[in-house]
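Presented below is the structure to which this report refers.
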Amino acid sequence: MIQLIHVLSTSLKNIDMQKEYDVIVVGGGAAGFFTAINIAQQRTDLKIAILERGKDVLQKVKVSGGGRCNVTHACFDPKELTQYYPRGKKELLGPFHQFCCGDTFEWFDQRGIELKIEEDGRVFPITDSSQTIIDCFQGEVMKSNIDVLTNQALIDFEKEDGKWLVSAKGESFTSDFLVIAAGSSPKLWKMIKSKGHTIINPVPSLFTFNIKDDRLTDIPGVVAQDVEIKVLGTNLESSGPLLITHWGLSAPSILKLSAWGARSLADKNYKFDISVNFIGLTNDDCLSQLKELKQDMAKNLVVKYNQFDVPKRLWRKLVEAAHITETTRWADLTKNQLESLSSQLTQAVFKVDGKSAFKEEFVTAGGIDLKEINFKRFESKVHKNLFFAGEVLNIDAVTGGFNFQNAWTGGYLVAKAISES
Ligand SMILES: Cc1cc2nc3c(=O)[nH]c(=O)nc-3n(C[C@H](O)[C@H](O)[C@H](O)COP(=O)(O)OP(=O)(O)OC[C@H]3O[C@@H](n4cnc5c(N)ncnc54)[C@H](O)[C@@H]3O)c2cc1C
């Protein structure tokens, strides 16, 4: 016990043993690096350190976007951009007016990194390699003399005589400004909570749906291009491409639902029903078209004659689910079979039982309550000179480069606030 008290008091109180910095940034990820570099380039007089828990920095950047790093999105209107954020939509409007996706292009361009826009609006380095972004950040940090201290997990911080006393696993430090950019870390959220902030319970976002259903077995890789999906019993709905996987359903239409429904689907323990409209017609319109086909295509086999924009293998499954055999001709379809096929095409119900990670990108919904942040500076309203950026806040977006954009925008505004102090 006496030993423990001794360790604690030396780690937090013995100023002689502490390294002094003007700014300490906790977290060597996207938001941490962007913040530190932007401060250093506006204020060369400030001594800055990044404390990173792990032995390597920028690990998420490395694996991001399937190793290509989807740095931002080609969306240049702040208001429109906010629509991609289930959490943070309102709060990010002002910040996006200060630093938006176009500024991200310019920032990287000024550092010799060329970005390209893909058809769906996602933006990647022209090299298609996240290493390009890592090399850029590492180079900027070296140029700016920022200390990057690895294996230095933050274990406590407190204010004393106007300075932050920062205790890490390896050493302790003092600083005038403290920036926490530690991503989604339950340990850190607990620590931040103990300092007076509210933490919104974290739950996963951007996941795929697990579904065991005969209609989906043996056809992984099939994509329906433009579907409409509803989560039954809620007002959650989305549209877009749908991918059938070995485990269930994925692709943008599902990821959007997982993001907007992150909290309500967690409450349902990821067990719920969805209704899928594969063709975008109402059930009545579909039924009328099927009746016409019954007349016009009387002699054709139903399973072979697919009049709709539904992939062949999926069509075969839906026909089977409507209890129509391989040898049934259009003319032979009963009223029940027509109704059943129409229902499969326009309101097919699937039972979701669990979720899986989407390997390209996943984030956490939850974190520091946005009510407690001054979004002009990304500063805590509870403690002066304490700043937050990135996923540590209760901000997250759908897939497409928006999560990094939040990290860049937050980092930029923290840097501006500290540089002007
Ligand atoms: C597989 C995957 C792919 C993704 N791809 C994309 C993409 O292409 N585009 C996109 O926009 N978003 C993507 N995302 C989301 C994006 O990576 C995050 O939103 C973003 O990294 C958040 O940045 P951050 O700096 O807030 O947190 P992080 O990048 O998570 O960085 C936080 C850092 O803090 C450190 N840390 C934690 N606790 C402590 C502590 N106590 N002391 C010191 N350091 C600590 C962590 O080790 C980490 O290095 C992806 C996510 C994943 C998981």
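Just the heavy atoms: all of them, side chains too, but no hydrogens, waters or symmetry mates, feed the values below. One-based numbering, in listed order, for ligands and for the atoms of each. All values reported here derive from a predicted model rather than from experimental measurement.
Of all protein heavy atoms, the one lying nearest to atom 41 (N) of ligand 1 is Leu188 CD1, 2.8 Å. Closest to atom 18 (C) of ligand 1 among all protein heavy atoms lies Glu391 OE1, 3.0 Å. Atom 49 (O) of ligand 1 has Glu52 OE1, 2.6 Å as its closest protein atom, hydrogens excluded (heavy atom only). At the top of the distance list for atom 25 (O) of ligand 1, counting protein heavy atoms only, stands Ala31 N, 2.9 Å. Among all protein heavy atoms, the one lying closest to atom 43 (C) of ligand 1 is Arg53 N, 3.2 Å. Distance from atom 20 (C) of ligand 1 to its nearest protein heavy atom, with residue and atom name: Phe404 CE2, 3.7 Å. Atom 8 (O) of ligand 1 has its closest protein heavy atom at Gly65 N, 3.0 Å. Nearest protein heavy-atom neighbour of atom 51 (C) of ligand 1: Phe362 O, 3.3 Å.
A salt bridge links Lys163 and Asp176; the closest N-O separation between the charged side-chain nitrogens and carboxylate oxygens is under 4.0 Å. Between Glu326 and Arg316 there is a salt bridge, since at least one side-chain N of the basic residue sits less than 4.0 Å from a carboxylate O of the acidic one. We find that Lys79 and Asp77 are not joined by a salt bridge, their nearest charged nitrogen and carboxylate oxygen being 4.0 Å or further apart. For Lys47 and Asp22, the salt-bridge test fails: no basic side-chain N is under 4.0 Å from an acidic carboxylate O.
For ligand 1, the atoms closer than 4.0 angstrom to any heavy atom of Asn70 are 7 (C), 8 (O), 9 (N), 10 (C), 11 (O). Atoms of ligand 1 lying under 4.0 Å from any heavy atom of Ala153, numbered from 1 in the order shown and given with element: 42 (N), 43 (C). The contact set between ligand 1 and Gly390, taken as ligand atoms under 4.0 Å from a residue heavy atom, comprises 26 (O). Atoms of ligand 1 lying under 4.0 Å from any heavy atom of Phe402, numbered from 1 in the order shown and given with element: 11 (O). The distance from ligand 1 to the heavy atoms of Val26 drops below 4.0 Å at these ligand atoms: 42 (N), 43 (C).
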Quick one: do Tyr305 and Gln307 satisfy side-chain hydrogen bond (donor to acceptor under 3.5 Å, both in side chains)? Show the steps, please. CA-CA 6 Å; Tyr305 192 81; Gln307 169 73 6; 3.1 Å; yes

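Using 4.0 Å as the threshold, Lys169 has no heavy atom nearer than that to any atom of ligand 1. A heavy-atom separation below 4.0 Å is found between Lys359 and ligand 1. Contact annotation: Gln59 has no heavy atom less than 4.0 Å from any atom of ligand 1.
Counting non-hydrogen atoms of other residues, nucleotides and ligands closer than 6.0 Å to CG of Asn269 gives a total above 12.
Residue Leu51 touches ligand 1 through its backbone alone, judged by heavy-atom distances below 4.0 Å. The proximity of Asn403 to ligand 1, defined as any non-hydrogen pair under 4.0 Å, involves the side chain as well as the backbone. Counting heavy atoms closer than 4.0 Å to ligand 1, residue Ser64 contributes atoms from both its backbone and its side chain. Counting heavy atoms closer than 4.0 Å to ligand 1, residue Val363 contributes side-chain atoms (C-beta onward) but none from N, CA, C or O. With a heavy-atom cut-off of 4.0 Å, Leu154 touches ligand 1 through backbone and side chain alike.
Geometrically, Arg215 engages Phe350 in a cation-pi contact, judged by NZ or CZ lying under 6.0 Å from the ring centre and within 45° of the ring axis. Judged by the 6.0 Å and 45° rule, Lys355 forms no cation-pi pair with Phe209.
When the side chain to side chain contact (heavy atoms under 4.5 Å, CB included) test is applied to Ile200, the partners found at least two apart in sequence or on another chain are Arg263, Asp369, Asn394.
The heavy atom nearest to atom 12 (N) of ligand 1, out of those in Gln405, Glu360, Glu361, Arg122, is found in Glu361.
You'll find the side chain of Glu160 stays beyond 4.5 Å of the side chain of Thr174, heavy atoms only.
Phe278 approaches Gln344 most closely through the heavy-atom pair CD1-O, 3.6 Å. Closest approach of Ile395 and Phe375 over heavy atoms only: CD1-CE2, 4.1 Å. Taking each heavy atom of Ile48 and Ala36 in turn, the nearest pair found is CD1-O, 3.9 Å.
Taking the six-membered ring for Trp and the full ring otherwise, the centers of Phe99 and Trp107 sit at least 6.0 Å from each other.
Checked against a 3.5 angstrom limit, the closest N/O atoms of Val392 and ligand 1 fall outside it.
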